[in-house]
Peer 1: 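Next up is a structure, given as structure tokens.
Both backbone and side-chain heavy atoms feed into the values below; hydrogens, waters and symmetry mates do not.
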Amino acid sequence: MYAQQPIVRTPSFPVPRTCPYAPPPEYERMREEAPLMRASLPNGDVWLVTRYAEARQVLNGQGISTSPATPGHPNSAFTAEEPTPEQREALERFRVGQFIDMDPPEHGRYRRLLIPEFTVRRVKEMRPGIQRTADLLIDDMLAKGPEAELVADFGLALPSLVICQLLGVPYADHEFFQSRTRTMVSSDDPQTSVAAILEIKSYLDDLVTEAEKQPKDDLLGRLIAAGEVSHDEIVGMISLLLIAGHETTANMIPLGALTLLRHPDQLARLREDPGLWPMAVEELLRYLSIVDWVAFDRVAVEDQEIGGQLVRKGEGIFVLGASANRDERAFERPDEFDIDRGARHHVAFGYGVHQCLGQNLARAELEIAYRTLFERIPSLRLAVDEEEVSFKYSQVIFGANAMPVTW
């Protein structure tokens, strides 16, 4: 017998951000009212998880599915029309190897092959290459200075070049690769973004074909040598690594830099004691929470109680990650930015079996990016008033469209 609480509804969803440094202000009210709320979408109702403990319960995966193919998955509630057979076939082709949308045991089959590529030890070996890339980009900024556009010149460029190195993309192709990833991340036109994704996927298809002819001792070569996944699955897996990993880091770098500029006292402490950078990165991930509900779509596959509320089999769920990371039940003074917080238990990377595979690499990229940027350009500041910075309020992954800086 499950408990049944009075259902609390939110007036609208998704709730847009109105501030670059905080989730929607409605989230605070929603957390106070209930750990779960009901929201109406064009093709049905979904549950919204507002608090930290309940977010971890859902993301832990017991009795929960992440697959869009599971009946009741919340993504289906956004569209009142069923996809055509042609659209469904195209989606299925695109999803081959996209293990982020798979449940165990299928999810684990792909993840197991990639875990060795993202261990703490492996990422430590990658750090000198990431550092060289960051230094080269800043060399270029300084040579062209004293002004730069932080999003394009550094935020987008660094993870793009790092993923090129990881995947063995020839340096001669890096400009094509960077231009398409820049379009993918920054375009406000969904069709333009999709076109860029398809171009990248086509490029990666050719890259895998070449690697199959003469495998090297790199990520692609090891996937091919394992012999456990097909050509199309490998293309899907590395497409996922690019899209899921690159876009988040690319948006975090400029937004985190701006957050640090807004807190000069804490930035000064980081300059005095670089050993604080790892904790600062964790706090930036929690504080900004640029990936909110879009990455945390789930559906119940059995009746269960979550936060005192009965959630029935087949009911869709969105975990509000940005709300969970501001939950005062888990974080003292959650609306304050505090590099001493020790916020590693945040859910910016998710939680449970689907926790971000590339989180160690993301942490290393962010730490190196921020430290190198502020060490090498100590007088870095915005070149415009903060009110003139354009932010991605209409996009599901938050960030800045552009950020002019000077020194």
Side-chain angles (χ1 to χ4, degrees), residues 17 19-23 127 130-131 133-135 137-138 141-142 145-159 162 247-291 322 325-326 331 333-344 346 348-349 359 361-392 397-407:
R17 292 196 184 212
C19 170
Y21 314 105
R127 288 180 73 99
I130 300 171
Q131 184 66 64
T133 302
D135 281 325
L137 290 170
I138 292 178
M141 288 169 57
L142 291 170
E147 290 190 2
E149 205 290 280
L150 196 61
V151 173
D153 295 341
F154 194 64
L156 289 171
L158 180 61
V162 169
E247 184 168 0
T248 49
T249 308
N251 281 300
M252 270 296 298
I253 290 172
L255 199 58
L258 182 56
T259 303
L260 290 166
L261 288 173
R262 294 184 77 246
H263 296 85
D265 54 334
Q266 299 195 55
L267 180 55
R269 291 189 58 225
L270 288 163
R271 286 183 166 126
E272 292 170 2
D273 183 1
L276 295 172
W277 276 113
M279 283 204 308
V281 167
E282 300 300 334
E283 177 65 350
L284 285 166
L285 288 162
R286 181 204 71 85
Y287 185 72
L288 296 171
S289 293
I290 65 169
V291 179
N325 280 336
R326 293 291 181 105
F331 303 97
R333 300 170 286 101
D335 293 328
E336 293 182 22
F337 177 71
D338 180 5
I339 62 173
D340 294 312
R341 184 183 300 279
R344 197 178 172 91
H346 61 73
F349 289 122
Q359 61 182 291
L361 178 58
R363 286 184 169 106
E365 288 186 46
L366 292 172
E367 181 189 333
I368 290 170
Y370 298 136
R371 177 178 47 76
T372 308
L373 184 66
F374 287 109
E375 282 181 358
R376 296 201 54 196
I377 314 179
S379 60
L380 185 79
R381 62 188 186 279
L382 282 178
V384 296
D385 290 337
E386 188 175 317
E387 293 73 21
E388 297 178 53
V389 178
S390 172
F391 294 101
K392 301 178 182 180
I397 296 182
F398 190 68
N401 291 306
M403 193 176 293
V405 292
T406 188
W407 52 87

Peer 1: I'd like to check the side-chain hydrogen bond (donor to acceptor under 3.5 Å, both in side chains) partners of Thr133; sequence neighbours left out, ordered by chain and number.
Peer 2: Gln165
Peer 1: Ignoring hydrogens and geometry, is there a side-chain-to-backbone donor-acceptor pair from Glu365 to Thr249 under 3.5 Å?
Peer 2: no
Peer 1: Go through the structure and list residues passing side-chain hydrogen bond (donor to acceptor under 3.5 Å, both in side chains) with His346, not counting sequence neighbours.
Peer 2: Glu282
Peer 1: Between atom CD of Gln359 and atom CG of Leu361, what is the distance when rounded to the nearest 0.5 Å?
Peer 2: 11.0 Å
Peer 1: If you look at every heavy atom in Phe398 and Cys19, which pair is closest and at what distance?
Peer 2: CZ-O, 4.4 Å
Peer 1: What heavy-atom pair brings Val151 and Ala400 nearest, and what distance separates the two atoms?
Peer 2: CG2-O, 3.7 Å
Peer 1: Rounded to the nearest 0.5 Å, how far does CZ of Phe154 lie from CG of Leu380?
Peer 2: 10.0 Å
Peer 1: Can you check whether Met403 reaches Leu382 side chain to side chain, under 4.5 Å on heavy atoms?
Peer 2: yes
Peer 1: Would you be so kind as to tabulate the donor-acceptor pairs closer than 3.5 Å made by side chains of residues 273-281, with sequence neighbours excluded?
Peer 2:
unit_1: Asp273; atom_1: OD1; unit_2: Gly275; atom_2: N; d: 3.1

Peer 1: Name all pairs fulfilling the salt bridge (Lys or Arg N to Asp or Glu O under 4.0 Å) condition that reach into residues 378-391, sequence neighbours left out, sorted by first residue then second.
Peer 2: Arg262-Glu386
Peer 1: Do the non-hydrogen side-chain atoms of Leu137 and Thr372 ever get within less than 4.5 Å of each other?
Peer 2: no
Peer 1: Residues in side-chain hydrogen bond (donor to acceptor under 3.5 Å, both in side chains) with Arg271, at least two apart?
Peer 2: none
Peer 1: In Å and rounded to the nearest 0.5 Å, what is the CE to CD1 distance from Met141 to Ile377?
Peer 2: 4.0 Å
Peer 1: Tell me, which pairs form a side-chain hydrogen bond (donor to acceptor under 3.5 Å, both in side chains) where one or both residues lie in residues 145-159, sequence neighbours left out?
Peer 2: none
Peer 1: What pairs of donor and acceptor atoms, side-chain ones from residues 283-290 against any protein atom, are under 3.5 angstrom apart with sequence neighbours left out?
Peer 2:
unit_1: Glu283; atom_1: OE1; unit_2: Arg286; atom_2: NE; d: 2.9
unit_1: Glu283; atom_1: OE1; unit_2: Arg341; atom_2: NE; d: 3.1
unit_1: Glu283; atom_1: OE2; unit_2: Arg286; atom_2: NH2; d: 3.0
unit_1: Glu283; atom_1: OE2; unit_2: Asp338; atom_2: N; d: 2.9
unit_1: Glu283; atom_1: OE2; unit_2: Arg341; atom_2: NE; d: 3.0
unit_1: Arg286; atom_1: NH1; unit_2: Asn325; atom_2: O; d: 2.8
unit_1: Arg286; atom_1: NH1; unit_2: Pro334; atom_2: O; d: 2.9
unit_1: Arg286; atom_1: NH2; unit_2: Pro334; atom_2: O; d: 3.0
unit_1: Arg286; atom_1: NH2; unit_2: Glu336; atom_2: O; d: 3.1
unit_1: Ser289; atom_1: OG; unit_2: Arg286; atom_2: O; d: 2.7
unit_1: Ser289; atom_1: OG; unit_2: Asn325; atom_2: ND2; d: 2.9

Peer 1: List the residues meeting salt bridge (charged side-chain N to carboxylate O under 4.0 Å, His left out) with Glu367, not counting sequence neighbours, and say none if there are none.
Peer 2: Arg127
Peer 1: Can you give me the closest heavy-atom contact between Tyr370 and Gly256, atom names plus distance?
Peer 2: OH-CA, 3.5 Å
Peer 1: Mind checking what makes side-chain hydrogen bond (donor to acceptor under 3.5 Å, both in side chains) contact with Asp135, not counting sequence neighbours?
Peer 2: Gln131, Arg376
Peer 1: Taking side chain as C-beta onward, heavy atoms only, is Leu258 less than 4.5 Å from Leu150?
Peer 2: no
Peer 1: Would you say Thr248 and Met252 make side-chain contact, with heavy atoms under 4.5 Å?
Peer 2: no
Peer 1: What's the spacing between Leu267 CG and His263 NE2 if we round to 0.5 Å?
Peer 2: 11.0 Å
Peer 1: Determine, step by step, whether Arg326 and Asp335 satisfy the side-chain contact (heavy atoms from CB on, under 4.5 Å) criterion, reporting the C-alpha distance in whole Å, the side-chain angles of both residues, the deciding distance to 0.1 Å, and the verdict.
Peer 2: CA-CA 6 Å; Arg326 293 291 181 105; Asp335 293 328; 2.9 Å; yes
Peer 1: Please enumerate all residues that pass ring pair (Phe, Tyr, Trp, His ring centres under 6.0 Å) together with Phe374, with sequence neighbours excluded.
Peer 2: none
Peer 1: Gly145 and Trp407: which non-hydrogen atoms are nearest, and at how many Å?
Peer 2: CA-CZ2, 3.4 Å
Peer 1: Check the orientation of Tyr21 and Phe391. Use parallel for under 30°, tilted for 30 to 60°, and perpendicular for over 60°.
Peer 2: perpendicular
Peer 1: Can you check whether Asn251 reaches Leu255 side chain to side chain, under 4.5 Å on heavy atoms?
Peer 2: no
Peer 1: So Pro20 and Val389, do their side chains get closer than 4.5 Å, heavy atoms only?
Peer 2: no
Peer 1: If you look at every heavy atom in Ala369 and Leu158, which pair is closest and at what distance?
Peer 2: CB-CD2, 3.6 Å
